[in-house]
Number of protein chains: 2
Amino acid sequence: MADSLPVITVLCPDDDGPYAVPPGLDELEDRAEIRRTTAAELSEALSGADVLFLWDFFSRAVSDAWHAADALDWIHVAAAGVDKLLFDELAESEVTVTNAQGTFDRPIAEYVLGAVLARAKDMPGSLRRQQTRTWEHRETQRVQGLTALVIGTGAIGREIATLLRAVDVEVFAAGRTARDQDPDFGTVIASDHLPAHIGAADVVVNAAPLTPQTTGLLDAQALAAVKDGAHLINIGRGETVDEVALVEALDHGPLGFATLDVFEQEPLPQGSPLWEREDVLITAHMSGDVIGWRDALAEQFLDNARRWLAGETLHNIVDKQKGYVPRPQP
Amino acid sequence: MADSLPVITVLCPDDDGPYAVPPGLDELEDRAEIRRTTAAELSEALSGADVLFLWDFFSRAVSDAWHAADALDWIHVAAAGVDKLLFDELAESEVTVTNAQGTFDRPIAEYVLGAVLARAKDMPGSLRRQQTRTWEHRETQRVQGLTALVIGTGAIGREIATLLRAVDVEVFAAGRTARDQDPDFGTVIASDHLPAHIGAADVVVNAAPLTPQTTGLLDAQALAAVKDGAHLINIGRGETVDEVALVEALDHGPLGFATLDVFEQEPLPQGSPLWEREDVLITAHMSGDVIGWRDALAEQFLDNARRWLAGETLHNIVDKQKGYVPRPQP
């Protein structure tokens with residue numbers, strides 16, 4: 001009987017913290033063989049596996065072990081971005097890929113709103129003055145009536161727009177195709193034409209998935225075209241922003257401030273010029289990771305696993321050509 | 001003809017920055033005699049004056065010069081709180097007092113929302129780690145679903161409630177009298193019973209005017225009763241919070257964090273133990289002072305001055321017994 005059970009391989013990180021393995025998978029054990037593995041043993045664990053669950057969600061190990069994937073039907077990634085996973089052979093295969101869309105939307109939107117307010121009220125400047133016991137009154141910025149451009153029209157970008165609008169920030173977006181009357185964004189400009197439109201925004205938020213189209217999208221040309229004093233917030237992927245151009249735009253261009261949760265290289269290297277800048281706020285790729293996030297990610301996989309075992313349609317199926325979960329057409 | 005013009009005395013601060021005198025008062029000069037003065041000459045300038053405009057809005061000089069107020073009809077204070085101005089003889093007199101209600105509501109509400117988010121996302125912790133080039137992922141707090149208690153049911157408290165609710169924070173309030181079904185707050189508890197209710201709130205915001213009832217309202221008993229890890233935000237007056245009890249509640253009690261814009265003594269003394277705490281964020285009494293605030297304050301006085309010159313009812317009349325502008329009864 002055990003021989004006929006489907007095989008679910010779970011790629012876990014090497015460290016053995018409390019969440020080294022996903023919680024709650026025990027419930028599947030009478031319906032599937034669960035193989036918990038790490039990158040070094042992935043090939044062996046992938047042989048004969050029907051399902052691969054990337055609990056180690058930034059792993060790039062799947063490509064190397066791909067030759068062993070002889071029975072694979074479905075890969076679930078416990079992350080919103082699938083850029084670390086996708087490679088040509090996977091994209092061209094019949095294997096279904098799903099992701100963690102939904103889990104991070106509200107937490108990331110809260111982080112973005114917090115960043116907008118923190119910069120407007122100069123909270124970093126207050127904290128630095130506090131460290132030297134300096135009492136210095138300053139005038140700060142009203143957020144009501146500012147304009148924000150959200151790059152990326154997926155679920156995270158939409159939640160960001162919703163929260164910014166809730167405090168009377170005007171919002172428009174950039175996406176693959178220009179359109180008007182989007183229910184969440186109103187106007188969507190084409191990302192191809194970013195430099196022509198980016199100057200209208202006091203706040204520019206990158207919430208785009210990393211794809212060939214968005215790699216280096218915020219380059220020297222785009223960053224030179226921002227509004228004077230603009231605030232760039234990146235919660236998408238580091239590779240969407242050219243960090244050399246970013247420093248240049250802060251030093252000699254119009255950019256006023258940057259809040260960065262993601263970087264070209266993570267952890268951000270010790271030698272990065274970003275660390276010591278007072279016009280940059282750095283967080284450690286954690287914008288969506290609120291208390292309970294790992295439990296939510298495990299539960300999201302379990303929900304899809306129950307569907308897969310029952311032969312039902314999975315949630316959050318990634319378009320492997322586009323590199324993200326497409327929005328249902330109305 | 002000049003002898004018959006009413007006299008408007010403007011008390012200006014001693015420093016001579018660009019806003020040492022209020023902008024725009026020239027427009028009144030064919031209808032009133034404008035006397036710009038400072039505290040040292042206030043008695044002289046008050047003699048024969050019909051109107052006193054406290055552009056130096058935290059001045060306590062009026063009490064000392066009161067003997068010279070032989071014709072005074074109206075005092076306008078360019079501040080939301082009138083606690084620095086009010087004294088018994090003024091309160092018992094026929095002189096009308098108006099304030100700057102309205103100007104600060106939204107900016108202060110934005111500051112409060114920013115403080116809630118900054119603490120929830122541990123932005124102070126990120127900034128400190130940035131200074132030592134430390135990359136350390138942490139889990140942060142979801143703001144959606146938190147509960148906030150707003151102390152003070154005036155216009156500022158109401159705007160705070162509106163913005164917090166816009167991001168799905170549950171809100172209730174504390175005021176003079178308990179009531180249900182307040183349009184902005186829902187439940188209002190009596191401030192007298194604060195210790196019995198304060199434990200329900202993740203965030204406690206003091207937005208109350210300073211009156212005998214609110215002086216020391218957040219004392220050792222109230223601060224010992226807050227929810228474990230609670231965040232206290234004070235944008236009202238420093239004297240409402242017992243700072244010794246505050247430090248005690250942070251060190252040995254349940255309080256988790258405090259964002260303080262106002263203090264028992266301002267500027268906050270160099271020796272205050274608050275400066276060096278990592279669980280306190282200090283700002284220099286500036287929560288409502290967005291770019292353009294001084295122009296808005298001057299315009300607000302001009303609007304009321306036009307009304308006074310035309311014999312019309314003034315806006316923002318303070319109840320001198322209560323110490324604030326009462327809300328119109330529905």
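Numbered from 1 within each chain, the chains take letters A, B, ... in sequence-line order.
With a 4.5 angstrom heavy-atom cutoff, A:Thr162 does not touch chain B via any of its atoms. Residue A:Thr259 does not touch chain B at all, counting heavy-atom pairs closer than 4.5 Å. Only the side chain of A:Gln131 has a heavy atom closer than 4.5 Å to any heavy atom of chain B. Contacts between A:Leu274 and chain B at a heavy-atom distance below 4.5 Å involve the backbone alone (N, CA, C, O).
Within 6.0 Å of the CG atom in A:Asp15, the count of heavy atoms belonging to other residues, nucleotides or ligands exceeds 12.
With A:Gln130 contributing its side chain and B:Trp275 its backbone, the two residues share a donor-acceptor pair below 3.5 Å.
Considering CH2 of A:Trp135 and NE2 of B:His285, their distance stands at 7.5 Å, rounded to 0.5 Å. With rounding to the nearest 0.5 Å, the separation of CG in A:Leu117 from OH in B:Tyr111 is 12.0 Å. A:Gln141 CD to B:Ile291 CD1: the interatomic distance, rounded to the nearest 0.5 Å, is 5.5 Å. For the atom pair A:Arg133 CZ and B:Glu276 CD, the distance stands at 5.0 Å (nearest 0.5 Å).
Considering only heavy-atom pairs separated by less than 4.5 Å from chain B, the leading option among A:Ala109, A:Pro107, A:Ala115, A:Ala118 is A:Pro107. No other option in A:Thr140, A:Val143, A:Leu163, A:Thr283 has as many heavy-atom pairs under 4.5 Å with chain B as A:Thr140. Per-residue heavy-atom pair counts under 4.5 Å with chain A were compared for B:Glu136, B:Gln270, B:Gln144, B:Met123, and the maximum is reached by B:Gln144.
Considering all non-hydrogen atoms of both residues, A:Arg106 and B:Asp168 come closest at NH2-OD2, 2.7 Å. Heavy atoms only, all atoms of each residue included: B:Ala284 and A:His137 are closest at O-CD2, 3.6 Å.
Ion pairing of B:Lys121 with A:Glu110 is present here, as a side-chain N (NZ or NE/NH1/NH2) and a carboxylate O approach within less than 4.0 Å.
Contacts of A:Asp122 classified as side chain to side chain donor-acceptor pair (under 3.5 Å), with partners at least two apart in sequence or in another chain: A:Arg138. Taking B:Gln300 as the reference, B:Ala100, B:Thr103, B:Leu297, B:Asn316 meet the side chain to side chain contact (heavy atoms under 4.5 Å, CB included) condition, with sequence neighbours excluded.
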